[in-house]
There are 2 protein chains.
Amino acid sequence: MDRPLETRELMQFLAVADELHFGRAAARLGIAQPALSRTVQKLERRLGVVLLERSSRAVALTSAGQVLAGEARRALEAVNAAARRTRRASADDPHLVLAMKAGGDAGLLPAILTACEREPCSLPVRVVFQIDRVGLLHDGQADAALLYSPADDLRGLDTEPLLTAPLMAVLPPAHPLAARASLRTADLHNENVHPRHGPATGPEPGNLTELLQLVALGHKVALVPRFVTNSLREDLACVPVTDAEPVTLLLGWPAHSTSLAVAALARAVGAARPHGGAAAAP
Amino acid sequence: MDRPLETRELMQFLAVADELHFGRAAARLGIAQPALSRTVQKLERRLGVVLLERSSRAVALTSAGQVLAGEARRALEAVNAAARRTRRASADDPHLVLAMKAGGDAGLLPAILTACEREPCSLPVRVVFQIDRVGLLHDGQADAALLYSPADDLRGLDTEPLLTAPLMAVLPPAHPLAARASLRTADLHNENVHPRHGPATGPEPGNLTELLQLVALGHKVALVPRFVTNSLREDLACVPVTDAEPVTLLLGWPAHSTSLAVAALARAVGAARPHGGAAAAP
DNA sequence: CGTGATCGATAACCTGGCGGCATGGACCGT
DNA sequence: ACGGTCCATGCCGCCAGGTTATCGATCACG
């Protein structure tokens, strides 16, 4: 009665936790509903814990069920990451995968890559452009990523800072705030700012070009770190936001990584850091 | 062919990876050897990766196998932690478990606990004394722990610093170095220092009292942060080690924790911090 | 150089767990 | 009252995963 939980059980429980409906969850899993009911019951007996409050009309998570839902998601992520990393480790074409947003390297990527080649134990680096870089790290599809603090969730990652820069507001030139020398967060209170916390309003840009297009149209105001604005279109105004926390660009990789090649890449980031010195801590 | 790995498969593979011997691994798992052979083969076919190099006389891990061994250990730890945390979350006696070394709180624990009671969403705290506090956090047996940087491996944890103090060498009064006003790491080169990296020499003390006994006998020299020496026995000398990195005492908890009670405890640590200000970053 | 020991792989068989279908029973809306 | 929805239960078939027996390769040894 003390043998470990199986991933199959966790997956089935998670499906129910997501749907809060055995029938739909079973359909999503491609199995019949009775099998699902019994698996969850067995899981509850095994744990000695009630995970779901069911009536014939509704299903709800107990507090223990909420805990398991979160933990199970992490655990399954770890299992899938194990499979992906193992497959990648056995590729006949050994390499590292570095995830980044297009244009999010502050122009430092070439310097990093050449520095990396010089490091011992380095491997060729393959760059993939992706929004959800943290997700790629956690599920084992990428070995390292260029991230931003405080925008990205760095928990569970090791990091090496690259550079820190203030946050800038990007505005159409005709905007009343565009002439200001500096702004405060409160000045943008009524603007359609991107990125925004909370529900999205209107179209969400998928990349920087789309975002700048929306800014030029006056539909949005963009908040980006200064190292992005260096290569900006000429027809937009940039104003620093003085009371916003500055943004740190950094290399992140999964904590507990034992890859020598990742360590080499991290050293390369340290070497490619502008001014050679240590950047401010995130 | 793309369904996730099962924990049973990972456990069996790990047993082989540990023993490098199918017979012994099978015995450890309480199953017969052929079943184990087949499970590992199936795992290899599923991943499309050779994990083990077997001859009829020896078994060795391939590099991919080494990767999977490490990843599988983490993944299984996460699965077991999920079960433990779920069981603990459903206890009819809700509480937090705080792991620490005896005497390792710098005398601040009472202040932390009273501050915690005042926080919203706090829970009663149960303290357990344990050496391997990081392990307890990772396998879900503890919710938070008092840790030391850089001694403990903080990867995968969130932390809240408590205080920072220099490292002190504890010596018997008759020791030739005991009269010095300060030491450097090199001065202790020939001493039997504790804690020591590398193989243990002689008896390893299990707690502070045992360690100090060995110091008094002249069998060891102890290196401890200054906040420990405040409550030291009178018959021992303490000398600061000037070129050693200072030690930060901090509260650590699993990254990705969503527990409001853990957050309350972290806020309490911030409130109980001496001088009220921010401690130096770890 | 034969012989026995060791150890992983294979073959043949058996069992229990898991999933399928049909149905029961609680609850709600009309 | 009745039909609809939804989770639980009973029963059945199948295969994943276990067992024992055995093979084949390799090495130590007299």
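Lettering of chains follows the sequences in order, A, B, ..., and the numbering in each one begins at 1.
Distances shown here put every side-chain N or O of R54(A) at or beyond 4.0 Å from the OP1 or OP2 atom of dC6(D). An OP1 or OP2 oxygen of dG8(C) is reached within less than 4.0 angstrom by no side-chain nitrogen or oxygen of S37(B).
With dC27(C), dT20(D), dG8(C) as the choices, the nucleotide that has an atom nearest any side-chain atom of P34(B) turns out to be dT20(D). Among the nucleotides dA9(C), dT20(D), dG20(C), the one closest to any side-chain atom of F22(B) is dA9(C). Each of dG18(D), dA16(D), dG17(C) was ranked by its minimum atom distance to the side chain of K42(A); first place goes to dG17(C).
Per the geometry, CD belonging to Q41(A) stands 14 Å off C1' belonging to dC18(C), to the nearest Å. In this structure, CD of E19(A) is placed 12 Å from P of dC6(D), rounded to the nearest angstrom. Atom CZ of R8(A) and atom P of dC18(C) are 5 Å apart (whole Å). Atoms CD (E6(A)) and C1' (dG17(D)) sit 12 Å apart, rounded to a whole Å. Following rounding to the nearest Å, L43(B) (CG) and dG8(C) (C1') show an atom-to-atom distance of 17 Å. Across the protein-nucleic acid pair, Q12(A) atom CD and dC18(C) atom C1' stand 9 Å apart, rounded to whole Å. The CG atom of L20(B) sits 13 Å away from the P atom of dC7(C) (whole-angstrom rounding). Taking atom CG on L5(A) and atom C1' on dG17(C), their separation rounds to 16 Å, with Å as the unit.
For A35(B) and S55(B), each mapped to the nucleotide of DNA chain D holding its nearest heavy atom, the one lying further toward the 5' end belongs to A35(B).
The structure places CZ of R8(A) at 8.0 Å from CD1 of I31(A), a figure rounded to the nearest 0.5 Å.
Using a 4.0 Å heavy-atom distance criterion, A32(B) is classed as a base contact.
Looking at E77(A) and R74(A), a side-chain N of the basic residue comes within less than 4.0 Å of a carboxylate O on the acidic one, giving a salt bridge. Checked for salt-bridge contact, R38(A) and E44(A) miss the test: no charged N lies under 4.0 Å from a carboxylate O. Residues R24(A) and D18(A) are not paired through a salt bridge, judged by the lack of any N-O separation under 4.0 Å between the basic side chain and the carboxylate.
Evaluation of atom-type donor-acceptor distances gives a pair under 3.5 Å for the side chain of R38(A) against the base of dG20(C). Donor-acceptor pairing under 3.5 Å, judged by distance alone, is present between the side chain of Q33(A) and the base of dA8(D).
Scanning both residues, D143(B) and W253(B), for their nearest heavy atoms gives O-CB, 3.4 Å.
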